[in-house]
There are 2 protein chains.
Amino acid sequence: MQISSKFTVAIHTLLCIYEFSKEKKVTSNFIASSTNVNPVIIRNILGQLKDAGIVNVEAGVGGATIIKDLSDITLLDIFEATKCLEGDLFNFHDNPNKECPVGNNIHKVLDKRLYSVQETMKKELKQITLKMLVDDLEKNMK
Amino acid sequence: MQISSKFTVAIHTLLCIYEFSKEKKVTSNFIASSTNVNPVIIRNILGQLKDAGIVNVEAGVGGATIIKDLSDITLLDIFEATKCLEGDLFNFHDNPNKECPVGNNIHKVLDKRLYSVQETMKKELKQITLKMLVDDLEKNMK
DNA sequence: TTAATTGTAACCTTTCTTGTTACAACGATA
DNA sequence: TATCGTTGTAACAAGAAAGGTTACAATTAA
C-alpha cells in the first residue's frame, strides 16, 4: 500500500500559502481549487500543520500563513504533522506461533532491521526542506 | 498507511522453508500454523515467490523448497515478488490544477525527490539478505 | 448584523487487506 | 485405478482506511 496523499497535499498546501499569502488571503477553498482536493480535507490538513507549529490559520477572517523559516521546515516535519504513518512502515502479521522456533524468533530477527529501513526513509525526508522546493518551484515558474 | 503484512509473512515463510525443508515436507498448512495466517494467503504468497524464481512448490505432492542461494535473496527481492508496492511509495493527489502556478509545477518539484526517497528505501532492503536473517535466527534458536 | 471563513461532526462510497469456503487439478502411493 | 493430501485459484465476505460530501456552529472583520 501507499503513503496517503495527505502528505503531498500538505506539501502542495504549504507551497500555495508561501507563494500567494503576500498578495491575497489563502483560504481552504483556494487551496482546494489548486490541489483539486475537497476543502474540508484541506482544513483538516491545515489544522494538523497548525498543531505542528508550521502555519497559523485565522479563524473567522480566514487565511493561512507560514510561521517558520522555510529552511527549518523539512518534509519529515510535514510527514509527521500529517500523521501519514501511524505506527511503523512495515505491517507485521499478528501472533506468529510461539511454539514454532521461527515464529518465536521472527520479531527478534526482523524488527530492528525493518525499523532501520524506516528510519533511513525518514532521514531522507529530513534532508529535504521547503526552501529547496520553493527554489525549484520558482525556477519552474519563470 | 502501511506496507502489507504479506511482506513479513513472505519472509517468515522463507525462513520456515529453509529451517524445516530438510526434515519434513513444508506445506502451506504448516507455514500457516507458524505464521498464524490463513493457508490460502500462504499459497498465494508461495505462488508469487515461485514466479520470482525464489522457491519451488510441488503441486500435488506438496511442499516448498528454496531454489536460490540464501545470500542471493534480498529483502528487496521478496518485497518486489510479493508486489507490496504497486506504483510508487508516495501516493499523489490526482489532477492538481494546471491553471495555478503551484498546481502546474508540483509534479516537477516533487516527483524526483520522492522517487529518490523511495529508491533509498529499496536500496536499504537490498542490503539485507535472507542469509543474514537465517544467521540471526539460528543464533537466537540456540 | 452580515458575510466569509474555519473547525468539526456525521455519514457515505470506494478501495484495500485479509480471511474463508469451495473445488478442480495434480501427483505419489497403495 | 482409486485414494489421499496437497496446490492453485476463484468467489465472496468482513473489516479497516482513505477520501469525499453535507451541514452547521463558532469566529471575526467590516
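Keep in mind the model is a prediction, meaning the values are calculated, not measured.
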Check this for me: does any side-chain nitrogen of one of A/E58 and A/K25 sit under 4.0 Å from a carboxylate oxygen of the other?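 Salt bridge absent between A/E58 and A/K25.
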Any salt bridge linking A/K139 with A/D135? Criterion: basic side-chain nitrogen under 4.0 Å from a carboxylate oxygen.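 Salt bridge between A/K139 and A/D135, a charged N being under 4.0 Å from a carboxylate O: no.
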For A/G62 and for A/Q2, find the nucleotide of DNA chain C with the closest heavy atom, then tell me which residue's nucleotide is more 5'.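 Upstream on the strand: A/G62.
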So is B/K24 actually on top of B/F20's ring, under 6.0 Å and inside 45° of the axis? yes
Across nucleotides 19-30 of chain D, 5' to 3', mark each nucleotide with B, S or - according to how protein heavy atoms within less than 4.0 Å reach it. SBBBB---BS--
How close or far is atom [atom2] of [N] from atom [atom1] of [X], stated in whole angstroms?
{"X": "A/F92", "N": "C/dT18", "atom1": "CZ", "atom2": "P", "value": "13 Å"}
{"X": "B/I42", "N": "D/dG8", "atom1": "CD1", "atom2": "C1'", "value": "15 Å"}
{"X": "B/N29", "N": "D/dG8", "atom1": "CG", "atom2": "P", "value": "13 Å"}
{"X": "B/D94", "N": "C/dT15", "atom1": "CG", "atom2": "C1'", "value": "13 Å"}
{"X": "B/I45", "N": "C/dG19", "atom1": "CD1", "atom2": "P", "value": "9 Å"}
{"X": "B/I17", "N": "D/dT7", "atom1": "CD1", "atom2": "P", "value": "10 Å"}
{"X": "B/L85", "N": "C/dT17", "atom1": "CG", "atom2": "C1'", "value": "15 Å"}
{"X": "B/D51", "N": "D/dT7", "atom1": "CG", "atom2": "P", "value": "16 Å"}

What distance separates A/I73 CD1 from A/I66 CD1, expressed to the nearest 0.5 Å? 5.0 Å
Could you grab the distance from atom CG of B/N97 to atom CZ of A/F30, nearest 0.5 Å is fine?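 Here the interatomic distance stands at 9.0 Å.
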Which residues pass the salt bridge (charged side-chain N to carboxylate O under 4.0 Å, His left out) test with A/E119, sequence neighbours left out?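 In terms of salt bridge (charged side-chain N to carboxylate O under 4.0 Å, His left out), with neighbours along the sequence ignored, A/E119 is linked to no residue.
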Is the phosphate of C/dT6 approached by A/K50 (side-chain N or O, under 4.0 Å from OP1 or OP2)?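 Indeed not, no polar side-chain atom of A/K50 lies that close.
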